[in-house]
Engineer: 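Questions regarding the structure given below will be posed in turn.
Every heavy atom of this structure was used, including side-chain atoms; hydrogens, water molecules and symmetry mates were not. These numbers were taken from a predicted model, which means no experiment stands behind them. Every chain is numbered from 1, with letters handed out A, B, ... down the list of sequences.
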Amino acid sequence: MPEINEERFFIELTHEVIDSEAVVARLLRGEAGAVVTFDGVVRNNTKGRRTLYLEYEGYETMAVKEMRRIAERTVAEFPDLDRLAIVHRLGRLEITETSVLIVVTSPHRKTAFHACHYAIDRVKESVPIWKREFFEDGEVWVEGQTPPGF
Amino acid sequence: MPEINEERFFIELTHEVIDSEAVVARLLRGEAGAVVTFDGVVRNNTKGRRTLYLEYEGYETMAVKEMRRIAERTVAEFPDLDRLAIVHRLGRLEITETSVLIVVTSPHRKTAFHACHYAIDRVKESVPIWKREFFEDGEVWVEGQTPPGF
Amino acid sequence: MNVDVLFFGQCREIVGAGRASVEVATPTAAGVVEAVRMRFPGLGALDGKLLIAVNEDYAKPDDAVRAGDEVAIFPPVSGG
Amino acid sequence: MNVDVLFFGQCREIVGAGRASVEVATPTAAGVVEAVRMRFPGLGALDGKLLIAVNEDYAKPDDAVRAGDEVAIFPPVSGG
């Protein structure tokens with residue numbers, strides 16, 4: 001369910017592989033001099049225990065709304081950024097695959113770095129998505145975060 | 001002249017288009033959970049004056065050495081990062097093309113953000129590369145920076 | 001009041017279903033959480049951590065819940 | 001001592017060549033900059049801003065310059 005809000009945001013929840021380059025190409029235009037990208041990728045271990053794969057599930061309709069709210073807060077916090085994408089994947093993910101992608105374009109790099117860092121921190125604390133980690137000898141729900149104030 | 005230093009760094013000065021995805025793929029392995037990328041791209045204006053294109057030239061042998069020194073300093077400053085790439089392009093660049101690419105992979109995102117920001121700040125202040133900006137009615141050497149202490 | 005509650009993540013697993021109809025005495029977010037806790041004692045494993053959303057936005061304990069609202073209960077989030 | 005000096009960026013443009021042989025009285029980085037300034041007055045446009053590298057590393061004014069060293073003079077850098 002891709003969405004563009006006044007062409008400034010690109011928000012997507014997908015069950016397919018995330019194509020970072022296509023998302024950057026979609027956002028980038030001549031006004032921006034800096035692009036900062038955060039890719040969250042599936043690690044091969046948690047505290048030394050070997051991970052086989054992860055499964056993500058979401059409260060999908062609310063997750064999209066929450067991603068849009070985060071995009072709006074990020075622009076309010078960093079008004080000189082140009083454009084912003086927040087993309088999250090659901091379903092089974094293999095090691096080194098991208099689960100979440102944040103892209104910020106901006107005339108200047110400092111804003112791009114800070115806005116990208118801000119957005120991923122917010123995504124991790126409030127978008128209603130949960131992951132289960134599968135090991136050789138079992139599985140666990142990964143411990144989560146609570147949005148500030150709730 | 002691509003170089004890999006103990007597989008931890010990827011340093012390259014190139015006259016070709018920079019393929020960000022290929023650089024990320026080269027660095028990424030199962031240990032890393034976070035990838036932060038900085039793409040410096042050619043803007044369509046400088047203070048409102050319309051830019052046609054840029055031309056970059058370098059003191060190439062020293063530039064590669066300086067990029068390697070910056071990579072080493074970045075790892076010393078952020079020892080828990082996993083891998084680091086610094087790639088710079090030379091020659092004529094069109095609007096929205098990438099002139100410089102920094103990629104940091106790391107087990108955790110905070111290190112990846114800070115190390116990536118640190119590395120691009122160092123690149124801009126000390127790698128011996130110069131750019132000329134071409135406008136409709138003339139050209140200028142872009143004002144530069146001096147490495148601290150020199 | 002009868003409220004249809006959605007469950008996600010570990011809550012869905014504990015409840016054994018993605019949705020349940022629950023009789024609620026106090027028409028607030030806290031009232032719904034209380035009623036759900038009584039009905040599904042296994043959720044005690046997440047005591048103090050349960051989150052509730054009303055109409056797809058996080059709700060505070062005193063927020064009102066009205067007939068027809070979309071209500072969801074879930075554990076702390078772990079996306080990213 | 002005769003020193004072969006490389007020029008880059010705007011310095012190359014002002015000097016009109018990427019390389020020149022310069023007679024240097026004091027065998028230090030500052031001595032080379034001084035000799036180059038005398039030889040190419042146009043570099044005055046960059047007074048106080050010229051950078052010098054010896055053997056592909058930035059040099060401070062008192063750093064020694066020896067026969068056979070690779071010496072380069074250039075303006076502030078503007079990569080990225």
Engineer: Would you sort out whether A:L27 and A:V35 count as a side-chain contact (heavy atoms from CB on, under 4.5 Å), showing the intermediate values?
Structural biologist: CA-CA 9 Å; A:L27 292 197; A:V35 183; over 6 Å; no

Engineer: For each of B:P107, B:C116, B:G33, tally heavy-atom pairs with chain A at distances under 4.5 Å, and name the one with the top tally.
Structural biologist: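 Of the options given, most contacts go to B:G33.
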
Engineer: Quick one, A:F38 and A:V100 - any side-chain contact, counting heavy atoms below 4.5 Å?
Structural biologist: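 Heavy-atom side-chain distance check passes, below 4.5 Å.
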
Engineer: Once rounded to the nearest 0.5 Å, what's the spacing between atom CD1 of A:I129 and atom CG of A:L90?
Structural biologist: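 So the CD1 of A:I129 and the CG of A:L90 are separated by 5.0 Å.
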
Engineer: If you count heavy-atom pairs under 4.5 Å with chain A, which of B:V24, B:I95, B:I120, B:V42 comes out on top?
Structural biologist: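 Max contact count across the listed options: B:I120.
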
Engineer: According to side-chain contact (heavy atoms from CB on, under 4.5 Å), who are the partners of B:V23, at least two apart in sequence or on a separate chain?
Structural biologist: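 Only B:F10, B:A85, B:V87, B:L101, B:V103 meet the side-chain contact (heavy atoms from CB on, under 4.5 Å) criterion with B:V23.
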
Engineer: Are there donor-acceptor atom pairs under 3.5 Å between chain B and chain A, and if so which?
Structural biologist:
| residue | atom | partner | partner atom | Å |
| --- | --- | --- | --- | --- |
| B:G30 | O | A:N44 | N | 2.8 |
| B:G33 | O | A:V41 | N | 2.9 |
| B:V35 | N | A:D39 | O | 2.9 |
| B:V35 | O | A:D39 | N | 2.8 |
| B:T37 | N | A:T37 | O | 2.9 |
| B:T37 | O | A:T37 | N | 2.9 |
| B:D39 | N | A:V35 | O | 2.8 |
| B:D39 | O | A:V35 | N | 2.9 |
| B:V41 | N | A:G33 | O | 2.9 |
| B:N44 | N | A:G30 | O | 2.8 |
| B:R109 | NE | A:D121 | OD1 | 2.9 |
| B:R109 | NH2 | A:D121 | OD1 | 2.8 |
| B:D121 | OD1 | A:R109 | NE | 2.9 |
| B:D121 | OD1 | A:R109 | NH2 | 2.8 |

Engineer: What do the steps show when you test B:F78 against B:L84 for side-chain contact (heavy atoms from CB on, under 4.5 Å), and what is the final call?
Structural biologist: CA-CA 11 Å; B:F78 302 96; B:L84 170 66; over 6 Å; no

Engineer: Determine the option with the most heavy-atom pairs under 4.5 angstrom with chain B, choosing from A:A34, A:A112, A:G40.
Structural biologist: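 Ranked by contacts with chain B, first place is A:A34.
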
Engineer: Identify the heavy atoms of B:A32 and A:V41 that sit nearest to each other, and give their distance.
Structural biologist: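 Smallest heavy-atom distance, with atoms named: O-CG2, 3.1 Å.
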
